[in-house]
Amino acid sequence: MPRATIVQIPCLADNYAVLLHAPESGETIVIDAPQAEPIKAELGKRGWQLSDIFVTHHHNDHTAACLALKAFYGCRVIGPEAEAERIPGLTRGVAQGTPLTFGSHAVQVLDTPGHTLGHVSYYFPESRVAFTGDTLFALGCGRLFEGDGQTMFASLKKLAQLPDETEIYCGHEYTLANARFALSVEPENPALVARAKEIEARRAAGETTLPTTIGLEKATNPFLRPHSTAIRARLGLGGVPDWQVFARLRELKNKA
Ligand code: ZN
Ligand code: FE
């Protein structure tokens, strides 16, 4: 089966919507719906019809265009069942284990609570790509608006178990600020130093920093590295569980 065609669309100030197109069936879906116009423009340019919106979580910057796109394309709106009443136009609620397909591709729904309590991520094993919304960012993670540190860290660990080569698209272009924070807590990590340089160059050229990969995040994202002795030494946290180091990192990032 051919890999889905993937198109990232910048929306609002720093959000991304992402199109997936299955060439064999002609179906197209969008992951999150921040803003109707740029999504419609990209679909129109390519001559694609939208069949589904896959929503990661209820926040307005991921759902604001659901009703407009549903009215225009007659598409379905798929999203977390746990947030059903907060997702405009929801036609089908999903959670981990819900059977879901895109054309002939299997889609795995992963519960990834923490940023919001119902947040889900979507993993497409045949295309080796996952959409992590505001849970896992390139070099960062989402704020803990509804869940606690232990909950969010469990979600990040679940994503970290995907194959290293899995490409990751997230909901925001926050990578440059995340890189600066990452360098402040683990400046001795050579993979991080090299990546931060590359990110600076890409942003200076106006390019996206996504997708990233699970392998790259495991090597450089401090929120996936609470076991790092360098990070623990810098935070003055010795024999505590990983999630407590994670929670402290998240607090520091909030103040950065
Ligand atoms: Zn959000
Ligand atoms: Fe967001």
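Keep in mind that the numbers below use all heavy atoms, side chains included, and drop hydrogens, waters and symmetry copies. Remember, predicted model here, so these are calculated numbers, not experimental data. Indexing begins at 1, ligand by ligand and atom by atom, following the structure's order. The first residue in the sequence is number 1, and the count goes up from there.
- Of the possible polar contacts, one joining the E173 side chain to the T209 backbone as a donor-acceptor pair under 3.5 Å is found.
- The closest side-chain donor-acceptor pair between H119 and T112 falls under 3.5 angstrom.
- Within the 2.8 Å limit, H62 places at least one N, O or S atom next to the Fe ion (ligand 2).
- Side-chain polar atoms of R250 and N254 form a donor-acceptor pair below 3.5 angstrom.
- Inside a sphere of radius 2.8 Å centred on the Zn ion (ligand 1), the protein N/O/S atoms present are H57 NE2, H59 ND1, H115 NE2, D134 OD2.
- More than 12 heavy atoms of other residues, nucleotides or ligands sit less than 6.0 Å from atom CZ of R202.
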- Query: Hey, mind stepping through I6 and V129 against side chain to side chain contact (heavy atoms under 4.5 Å, CB included) and telling me if it holds?
  - Reply: CA-CA 10 Å; I6 299 173; V129 62; 4.0 Å; yes
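- Using bins of under 30°, 30° to 60° and over 60° for the plane-to-plane angle, the ring pair F223/F181 lands in the parallel bin.
- The aromatic rings of H172 and H62 stand perpendicular to each other, their planes meeting at an angle above 60°, with 30° marking the opposite boundary.
- Geometry note: the Fe ion (ligand 2) is the vertex, D134 OD2 and D61 OD2 are the arms, and the angle is 170° (rounded to 10 degrees).
- Taking backbone and side chain together, H172 holds an N, O or S atom under 2.8 Å from the Fe ion (ligand 2).
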